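Comments concern the structure below.
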Amino acid sequence: MALPHRIRTLALVLCGALAAALLVSTPAQAKSPTWTVRNHDGPTARIALAPGTGTLTLAVERDGKTVIEPSPLGIRTERADLSSRLTYLGRSDRTVSEYYRTAAGKDRTRHVQMREALFRFRTAGGVRLELAVRASRDGVAYRYSLPDTGDTGNVLGEASAFTLPDGADAWLGKYRRDNENLFAHHAATSAPADEYMMQALFRTPGGYALIAESDLTGSYSAARLTHAANSPTYGVRLWDEQVQVTGGRLSTPWRAVVTGSLAAVTESTFTDDLAPASRVRDTSWIEPGPALWTWLAGGRPAGQSLSMQKGYVDYAAERGWPYTVVDAGWYFDPAQWDVTDPNWQQNSWIPELVRYARAKDVDIQVWIHHRDLDTAEEREQWLPTLEKWGVKGVKIDFMDSEAQDRLRWYDAILPATAEHHLLVNFHGSTIPKGIQRTWPHVMTLEGVNGEEKRVNTAEHLTILPFTRNVIGSMDFTPGAFHRPTRPNAASDAGELGLSVLYESGIQNLAGTPESYDARPEARRFLEQLPAAWDETRLLAGEPGSGAVVARRAGARWFIGGTYAGAARTAAVPLRIGRGSWLVETVTDGPAGLVRTAKVARGGATLEIGVVTDGGFAATACPWHPGRTACDR
């Protein structure tokens, strides 16, 4: 007997549903659970959980093209392997929208808009792992959280890695504890097997990608990249073989991929945006600005001479520079002093120098060795004393480690210097990893093969704007015209341009007064340097070949360019806004620096003559009839 039509139809539907269910549950047909995180027109993060192995990967795409191939995720602890056999528990999403201001950096006003997804997993043993993924218009970042470290114990390492697509280029600096190595160009896969600094730039089919980290504190350990021969993958290695966990919840630093066009990467503040908000409530005392740095100008004898330092103060006052920095030599080893004597500080002439400088509207910053601030007792001796003397900043040197224990020292010195209203310049140090947002009195950090070194290359100079200086202020110390060993020794204009090309909250100018006086056009340009920047734009460049960056302060733009290789006529797009601009350009001439002025429309292309391994400096201001100079 034939079944009624409706019953036959229902039977067919049920049979089809059962067949589909059986098909999906067949192991050979199982698919990886995948999720995406994306914020408007930015890159897309794709997270996948492999069936069977329970391993996690993260890939990054932009406009349908690959930036990072699926790359391992996970963390290993004493009691749990949180890199495999994971089970998905759920996901929650939110929008991160923040507004903040900074004292220094590429621009002082920041607006953050990100999407964040929090993924929850557990192991077969019930240990939980959380993976936070953020996507912004200029980057993707992730971090791990262990909700209860009582279940995990100390951290032994990460499975985290970044796999580059075929044909990717890389600009890498080999790792060293003070982050002061040169950068060089490689094919990403064939780069030498080695460890590299966590500020590596790659060019991929989906655009440029800078791998960095953010929100690093003493609760964890700093990371560097590892690379095996002929591998497209760069792993993450922690400084400490065992990261000490004190209990409760642990969140690791962000692993960040700053990505987009070369301009988007260069102008990005993504690593700052990921960091916690400022922990300094009153920032009114934080004042960036140029400084006359006397170490390359006079060496240790200058630091031991009050009369020489007064001469530097006089010169800074004439130039309108707000600071001079007194480097090594100004104080004896405190071990030789009786610090129990309430008058021990009277051994120093710094208070007299401070009073002398203040009368000329110049403030004093002083160098100090890390070993003299590495205990709570020493910090309590030094920091209140320096504040009492009227010193405005400290240049702390020779930390030479990114271990968890040294990062805990940073956690102690940062609030202590803020409490005593001391600006900070870290040398022999880690690199900026969001530190300047959380602690805005940090004006700059070294972590760069800069002017002090004698092994710079012209190529290295052109790579720095796209690597080290992307992640925060960089104390390269430009302006050492008197040093014949610099790679741009034939181009005073190129050296001058570095004062704009390289951003630093305290721009420590490394020349001698005599070298500035011998170059009046350089002196005139440096006298105009503003305290901070309102906007930054990449005008032209390619790492290893050249870089031209424009920075705005108020209505004026300052432009710095550097090039590696043969002399040329550089084409520089004037992408600084509409209207007519008066552009004053300083270049190298047969008898020294030459300044030329011309009126150009915004968007026009400037043609600028550049000598071998040279560069230029320029200012641009709104033009009106009768205006012939930007400094008046």
Side-chain angles (χ1 to χ4, degrees), residues 35-48 57-73 96 106 110-117 132-143 160-172 183 185-189 196-215 223 225 232-234 236 253-275 432-434 463 465-472 536-538 541-543 547:
W35 306 272
T36 62
V37 184
R38 187 170 184 267
N39 182 59
H40 302 305
D41 59 349
T44 298
R46 296 191 183 276
I47 302 92
T57 59
L58 182 143
V60 180
E61 301 173 359
R62 180 181 282 275
D63 298 328
K65 297 180 180 179
T66 301
V67 177
I68 301 292
E69 297 277 8
S71 302
L73 299 175
V96 178
K106 301 170 192 177
R110 316 278 177 87
H111 183 210
V112 181
Q113 193 76 19
M114 305 184 200
R115 289 293 297 169
E116 179 184 281
V133 180
R134 286 187 176 181
S136 179
R137 63 176 177 80
D138 54 353
V140 166
Y142 66 88
R143 77 188 318 171
S160 310
F162 301 89
T163 299
L164 280 303
D166 290 343
D169 287 299
W171 289 269
L172 308 168
F183 283 88
H185 177 228
H186 306 275
T189 297
Y196 295 98
M197 294 183 285
M198 197 74 161
Q199 44 180 328
L201 179 70
F202 299 91
R203 181 170 52 202
T204 77
Y208 287 84
L210 179 78
I211 296 175
E213 66 179 335
S214 181
D215 192 14
L225 297 173
T233 299
Y234 288 74
V236 171
W254 292 99
R255 306 277 168 249
V257 180
V258 186
T259 184
S261 66
L262 189 58
V265 171
T266 308
E267 298 164 14
S268 173
T269 60
F270 188 54
T271 53
D272 277 348
D273 298 343
L274 291 166
K433 300 182 179 185
I463 297 172
F466 309 115
T467 51
R468 167 62 181 84
N469 214 189
V470 170
I471 58 176
T536 291
R537 293 185 186 178
L538 176 67
E542 175 73 17

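Keep in mind that the numbers below use all heavy atoms, side chains included, and drop hydrogens, waters and symmetry copies. What you are looking at is a predicted structure, and each value in this text was computed from that prediction instead of being measured.
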Are the side chains of [Y] and [X] in contact, using a 4.5 Å heavy-atom criterion?
| X | Y | value |
| --- | --- | --- |
| Leu201 | Pro543 | yes |
| Val96 | Arg134 | yes |
| Val133 | Leu58 | yes |

I'd like to know if the side chain of [X] and the backbone of [Y] have a donor-acceptor N/O pair within less than 3.5 Å.
| X | Y | value |
| --- | --- | --- |
| Tyr208 | Val258 | no |
| Ser71 | Glu69 | yes |
| Lys65 | Gly207 | no |
| Thr536 | Lys106 | yes |
| Arg46 | Ala48 | no |
| Thr204 | Gly206 | yes |
| Arg62 | Thr259 | yes |
| Glu116 | Ala132 | no |
| Lys433 | Asp272 | no |

Mind checking the [atom1]-[atom2] spacing from [X] to [Y]? Nearest 0.5 Å is all I need.
| X | Y | atom1 | atom2 | answer |
| --- | --- | --- | --- | --- |
| Leu164 | Thr233 | CG | OG1 | 8.0 Å |
| Arg255 | Glu213 | CZ | CD | 4.5 Å |
| Met197 | Leu225 | CE | CG | 10.5 Å |
| Trp254 | Leu274 | CH2 | CG | 6.0 Å |
| Arg110 | Thr269 | CZ | OG1 | 4.5 Å |
| Asp273 | Ser268 | CG | OG | 7.0 Å |

For this session: Could you walk me through whether Leu210 and Ile471 pass side-chain contact (heavy atoms from CB on, under 4.5 Å), step by step?
Result: CA-CA 9 Å; Leu210 179 78; Ile471 58 176; 3.9 Å; yes
Problem set entry | Derivation of the side-chain contact (heavy atoms from CB on, under 4.5 Å) call for Val60 and Thr44 | CA-CA 6 Å; Val60 180; Thr44 298; over 6 Å; no
Heavy-atom closest contact ([X] atom, [Y] atom, distance):
| X | Y | result |
| --- | --- | --- |
| Pro205 | Pro165 | CD-CG, 3.5 Å |
| Ala256 | Ala141 | CA-CB, 4.0 Å |
| Pro43 | Ala135 | O-CB, 4.2 Å |
| Val265 | Gly260 | CG2-N, 3.9 Å |
| Arg38 | His40 | NH1-O, 2.6 Å |
| Pro72 | Tyr142 | O-OH, 4.5 Å |

For this session: May I ask you to decide whether Glu542 forms a salt bridge with Arg203, counting only side-chain N to carboxylate O separations under 4.0 Å?
Result: yes
Exercise. Going by atom types only, do His186 and Asp169 share a side-chain donor-acceptor pair under 3.5 Å?
Worked result: no
Problem set entry | Ser214 and Thr271 side chains, donor-acceptor separation under 3.5 Å | no
For this session: Would you check if the distance from the ring center of Phe162 to the ring center of Phe202 is below 6.0 Å?
Result: no
For this session: Apply side-chain hydrogen bond (donor to acceptor under 3.5 Å, both in side chains) to the pair Ser136 and Asn39, showing each step before the final yes or no.
Result: CA-CA 5 Å; Ser136 179; Asn39 182 59; 4.9 Å; no
Problem set entry | Test side-chain contact (heavy atoms from CB on, under 4.5 Å) applied to Phe466 and Leu262, step by step | CA-CA 8 Å; Phe466 309 115; Leu262 189 58; 3.7 Å; yes
Exercise. Taking it one step at a time, do Val470 and Phe270 satisfy side-chain contact (heavy atoms from CB on, under 4.5 Å)?
Worked result: CA-CA 9 Å; Val470 170; Phe270 188 54; over 6 Å; no
Exercise. Is the number of heavy atoms from other residues, nucleotides or ligands under 6.0 Å of Arg137 CZ greater than 12?
Worked result: no
